[in-house]
Protein chains: 2
Amino acid sequence: MKKSTIQDVAEQAGVSKGTVSAVINGKATVKASTREHVREVMKAMNFRPKGQARNLKGRQIERTVGIIIRELDNPFYTALATGIKKYANEKGYVEFIASSEADQQNEETISQLFASKDVKGAIIAPVINENIEIEHLFRLKLLNYPFVLLKEVQGIHANVVSINNLEATKLAVRYLMETGHTDIIHFAGPELSSHAHERINGFRQAFSESTQIFSDSMLVPCGSQFQDGFETGIDFFKRVDPKRFPMAVVCFNDVIALGLSSALHQLKIDVPNQVSIVGNDDIEIAKHWSPALTTVHTPLHELGMKAAEVLIRHIEADQILPVENHVLDSELKIRETTLDLTK
Amino acid sequence: MKKSTIQDVAEQAGVSKGTVSAVINGKATVKASTREHVREVMKAMNFRPKGQARNLKGRQIERTVGIIIRELDNPFYTALATGIKKYANEKGYVEFIASSEADQQNEETISQLFASKDVKGAIIAPVINENIEIEHLFRLKLLNYPFVLLKEVQGIHANVVSINNLEATKLAVRYLMETGHTDIIHFAGPELSSHAHERINGFRQAFSESTQIFSDSMLVPCGSQFQDGFETGIDFFKRVDPKRFPMAVVCFNDVIALGLSSALHQLKIDVPNQVSIVGNDDIEIAKHWSPALTTVHTPLHELGMKAAEVLIRHIEADQILPVENHVLDSELKIRETTLDLTK
DNA sequence: AAACTTATTTGAACCGTTTTAATCAATACA
DNA sequence: TGTATTGATTAAAACGGTTCAAATAAGTTT
């Protein structure tokens, strides 16, 4: 069954397209009785005017940006989106958020939808996995569609605004070393996550830049959810000889760090006196947790603002601007889950 | 400066519109050299084909729904959106999320944008305040645009899927009464929030349905953020005579309940032995908190799923369907922050 | 070199609205 | 009664692309 058009309505109602259009747009020129009649026909036919056609005529001055995040229920992304929003709103833009749920195909679909709906530009947290597909990004480039990636993607020359994950983890490890820790391990993130890999590399690299020696046994596979941190924490520490304390755990993210904290509490292992914990991200709850979590603050807000700034500049430029690449630095927030052994 | 069109590009490149179109769409029929040349002209002119015009021809089978939430960085809404997403994705829909930041004007702008971009329908968490504006909702109705409200709005007959806030709070109070509490107070939400009012009413009503007497002094203005709960908690309990214990606090939401928990911890007041706490919403962190928070579980997931189900049914119907109204019930989750005095 | 093929390109029709000048009808004015 | 005036409606021209049959160009075969 074909969708009805304004033409169909006009015929059915015995008036011209122009009149129907006037009714749709609430123009005062149409006679009350005609308006009523046309409205009834519209209802009867369940006629929904096509927005795309409506916008065609007359310049559209509307300002919109799209954001493609990877997970909806991850505070990491909502914090990021909040940063984007702040800058974008100041400039009069509305933003639409969509989540790829870490699926390449979804990312592609969404990016094409943004372009096809004349959302003016997009900020994309790209899905990264083994055989990464970037054809859709090339398609955007072909359309001169402005976009900013939140992570470098091999094979495409595009705007990037990103976090220095490597440096972030090095910051954590370096601090622990400086405060006298000699037994440092890493609760690592998901196998597939490139963030996780970068953080593992940061961990390694911190050792190679120090006098301490790295060993593979320092890497404990964990995950990214609270439950992962909790379970891995129980599993690991229930067979650790208390004589080994004090030791320190650098966690892939705050959420598993909190899970670990919870596990240690249950095992009656004292934080930070027996085990020091460092998180990563500095999510909202981290500073409210008891004990407050020492963590590497990821400047999500700044990341979002910067990405929005770059995007909007590119959207509004008359000419195609040169590609930009910005890397933001993290900052260590020392709270209550780390012990300074030099004191 | 007028935006360039495919026509401009064609003239500049010395080819026809059809050829430019073929280049844009990567058709194989165009000669390599021509393609290159046209691409260069496109770049030089920073030509961005208008998506709306591209879609005009050829049936669009695309499936999209929009969600208007009130706050981006509120897990309440992301949980809700996750529920919507689950159902919508199953049905092959992509969703776009936008936040009104509790601003009436934004809600209006966003809803019109959704309609104008042919997003097939919308789920709206409406902004409610003193002089509520619903003209934009009428405009949607005129367009036969399918939408579902997540809260009843006076003056408009539309689809609604909502939570029974009144009943939720009554559940909490009733439980406390049944377990022997006789000193129950309420940390109330923001002045302007209609949720907050409903919950206050629920609190009141629970008393009127019991033998205990309600008094205005039981209502403590608080807010909705962690910090609000913390500060109000300190302020209130630092001047409570310990002889008054045991007492119980029903909180507007989980976030302030956690803030209160934190405050009591700092004041060395024991939860639940001296003070029982009941939250509302059952956010993710509530069950991981120490002590785990007793709270009223708001079925956000179900709410989202139901709203999506109703919306998609209305989107896909040939005829205009009758308006629906669904109210979902909450459920009490008894954890560690409440003491049963009858035991 | 004529006759076929195949590779490119063109031009006109079309998509579903809005817009506006023009028409028609009804009423008011002189 | 003829002439403005006002009110409603219409018809045709946009809007900015896509599509596709037809035209043209380029290569191949005899």
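Each chain gets a letter, A, B and so on, in the order its sequence line appears, and its residues count up from 1.
One interatomic measurement links the two molecules: CD of A:Gln52 to C1' of D:dC15, which rounds to 13 Å at whole-angstrom precision. As a whole-Å value, the separation of B:Lys50 NZ from D:dG16 C1' is 7 Å. As rounded to whole Å, 13 Å separates atom P of D:dG16 from atom CE of B:Met45. Here D:dG16 presents its C1' atom at 16 Å from CZ of B:Arg48, a figure rounded to the nearest Å. At whole-Å resolution of the value, CG in A:Asp118 and C1' in D:dG17 are 11 Å apart. Atoms NE2 (A:His37) and C1' (D:dA8) sit 16 Å apart, rounded to a whole Å. Taking atom CG on B:Leu56 and atom P on C:dC14, their separation rounds to 14 Å, with Å as the unit. In this structure, the CD1 atom of A:Ile24 is 16 Å from the C1' atom of D:dT9, given to the nearest Å.
By the neighbour-count criterion of 12 heavy atoms within 6.0 Å, atom NZ of A:Lys91 is sparsely surrounded, having that number or fewer from other residues, nucleotides or ligands.
Contacts between residues 139-146 of chain A and DNA chain C, defined by a heavy-atom separation under 4.0 Å, are absent. If you check residues 5-19 of chain B against DNA chain D, the residues with a heavy atom closer than 4.0 Å are B:Thr5, B:Ile6, B:Lys17, B:Gly18, listed by number.
A sub-4.0 Å separation between OP1 or OP2 of D:dG17 and a side-chain N or O of B:Asn55 is absent.
Heavy-atom distances to DNA chain C give each of B:Ala53 and B:Arg35 a nearest nucleotide, and the one nearer the 5′ end belongs to B:Arg35.
Ring planes of B:Phe114 and A:Phe96: parallel class, angle under 30° (limits at 30 and 60°).
Here B:Glu107 pairs with nothing under the salt bridge (charged side-chain N to carboxylate O under 4.0 Å, His left out) rule; sequence neighbours left out. With sequence neighbours left out, the side-chain contact (heavy atoms from CB on, under 4.5 Å) criterion links A:Glu36 to A:Arg39.
Side-chain proximity of B:Lys57 to the nucleotides D:dG17, C:dT18, D:dG16 is greatest for D:dG17.
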So which protein N/O to nucleotides 4-8 of chain C N/O distances come out below 3.5 Å?
none

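Rotation axes derived from the C1' atoms of the five outermost pairs at either end of the helix from C:dA1-D:dT30 to C:dA30-D:dT1 lie 50° apart, to the nearest 10°.
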